Engineer: 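Please find one structure pasted underneath; my questions will follow.
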Amino acid sequence: MTAERTTGTGTVSGDRHDTMTQVSTLQTLMLGDYYGTVSMADVKAAGDIGLGTFDAFDGEMVMVDGVVWQAKGDGSVVEAADDLTTPFCCVTPFETDETIELGDVTSMDALKETLSARVQDVNPNAMWAVRIDGTFASVTARSEPAQSEPYRPLQDVMENEQVLFDPATDVSGTLVGIYFPDYLGNVNTAGWHFHFVSDDRSYGGHVMAVDCSGLVAQLDKTDRLGMVLPEDCHFDSLELMSDLESAIANVEGGE
Ligand SMILES: [Zn+2]
């Protein structure tokens, strides 16, 4: 039997709305290249939702509705200035392709499982952004203080300097998640990665635990990847062949 051959409709000149823009690579960050190369003004031109970090690893970045928030190691959240640079982030213009009624979500694993079930159904080999808005029973975030040179590998920084904040309870805000497929695991975190910022912009960071009920997840599938490699001398000489899988798992944390 001969199966009907289907042909695609892809173009290489396509729509920026389906593009995930990735600055640098996770492997580069893991190795300690925290030199910011791309400005927030530039990042904002590539999308309105995303996550990452800042020059010198000065806190966790979460972009919501086109505004970039910097959740710093001292627990403060400030709007990032347009001339602040990033060594690592990913952003996309958000469009809702899928929605999921979440029910009771009492752990990160439960959240990831629910989102992944839909991604598996639609396209686990694409990249996805998700946003969940509303009041969360509890969110636990972490950040870290700015690093000084000589920069150490990320795993070393997180083991020694990660600041785990007290949980925020009954907190209104936005959880932003990004999904990369396994085959891009050295480019960004394989699977899900979440950051949070509260509506009153008093709490935020990389999410380690979550508890929420009755919220809706909006998902945006993207099938284009725009990579921006760092234009700095540090990147040029990095050995990017090493297997960092276990180090990445340690740094991402969350239960
Ligand atoms: Zn993070």
Side-chain angles (χ1 to χ4, degrees), residues 20-34 36 38 40 43 47 49-64 68-78 80 84-92 107-109 111-112 115 127-132 136 139-147 151-165 167-168 173-180 184-198 201 203-210 244-255:
M20 185 74 72
T21 297
Q22 169 71 43
V23 174
S24 189
T25 74
L26 181 59
Q27 207 176 51
T28 304
L29 194 72
M30 294 294 305
L31 292 172
D33 183 347
Y34 310 144
V38 176
M40 287 306 116
V43 164
I49 197 166
L51 43 79
T53 186
F54 299 94
D55 182 53
F57 219 104
D58 190 7
E60 303 279 338
M61 167 189 158
V62 53
M63 181 195 256
V64 179
V68 181
W69 300 98
Q70 181 179 16
K72 300 181 128 198
D74 64 3
S76 63
V77 178
V78 296
L84 193 59
T85 57
T86 177
F88 175 89
C89 74
C90 55
V91 297
T92 188
S107 69
M108 295 288 283
D109 282 347
L111 177 62
K112 289 175 187 176
L115 298 175
M127 292 149 286
W128 293 78
V130 61
R131 67 178 291 167
I132 303 169
F136 295 74
V139 175
T140 307
R142 73 112 201 267
S143 187
E144 52 287 313
Q147 299 301 298
Y151 293 145
R152 292 164 296 148
L154 186 53
Q155 189 173 9
D156 190 353
V157 171
M158 288 303 167
E159 278 170 5
N160 295 297
E161 296 189 49
Q162 163 175 290
V163 183
L164 187 63
F165 302 130
T174 302
L175 192 77
V176 173
I178 299 286
Y179 168 96
F180 269 69
L184 291 173
N186 283 323
V187 174
N188 203 318
T189 310
W192 294 100
H193 179 175
F194 299 98
H195 287 189
F196 178 82
V197 65
S198 65
R201 313 312 183 198
Y203 189 87
H206 176 103
V207 177
M208 303 296 278
V210 65
L244 296 173
E245 206 169 310
S246 68
I248 288 170
N250 287 339
V251 165
E252 290 307 320
E255 85 273 39

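Atoms within a ligand are numbered from 1 in the order they appear, just like the ligands themselves. Everything numeric here is computed off the predicted structure, so don't read it as measured data. Values below: all heavy atoms of this structure, side chains included; hydrogens, waters and symmetry mates excluded.
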Engineer: Among residues at least two apart in sequence or on other chains, which ones pass ring pair (Phe, Tyr, Trp, His ring centres under 6.0 Å) with Phe54?
Structural biologist: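 Listed in chain order: nothing, the list is empty.
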
Engineer: Could you grab the protein N, O or S atoms closer than 2.8 Å to the Zn ion (ligand 1) for me?
Structural biologist: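 Counting only protein N, O or S atoms under 2.8 Å from the Zn ion (ligand 1), the list reads His193 NE2, His195 NE2, His206 ND1.
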
Engineer: Could you check, using the six-membered ring where one of them is a Trp, whether Tyr151 and Phe57 have ring centers closer than 6.0 angstrom?
Structural biologist: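 No, the ring of Tyr151 stays outside the 6.0 Å limit from the ring of Phe57, centre to centre.
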
Engineer: Please assess Val23 against Phe88 for the test side chain to side chain contact (heavy atoms under 4.5 Å, CB included), listing each intermediate value before the final yes or no.
Structural biologist: CA-CA 5 Å; Val23 174; Phe88 175 89; 5.9 Å; no

Engineer: Are Leu115 and Phe194 close enough, and set up right, to give a side chain to side chain contact (heavy atoms under 4.5 Å, CB included), and what steps lead you there?
Structural biologist: CA-CA 12 Å; Leu115 298 175; Phe194 299 98; 3.7 Å; yes

Engineer: Residues two or more places apart in sequence or in another chain: which of them pass salt bridge (Lys or Arg N to Asp or Glu O under 4.0 Å) with Glu161?
Structural biologist: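 Arg152.
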
Engineer: Test of understanding: with ring pair (Phe, Tyr, Trp, His ring centres under 6.0 Å), list the residues that count as partners of Phe165, not counting sequence neighbours.
Structural biologist: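 Scan of Phe165 (ring pair (Phe, Tyr, Trp, His ring centres under 6.0 Å), adjacent residues dropped) gives none.
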
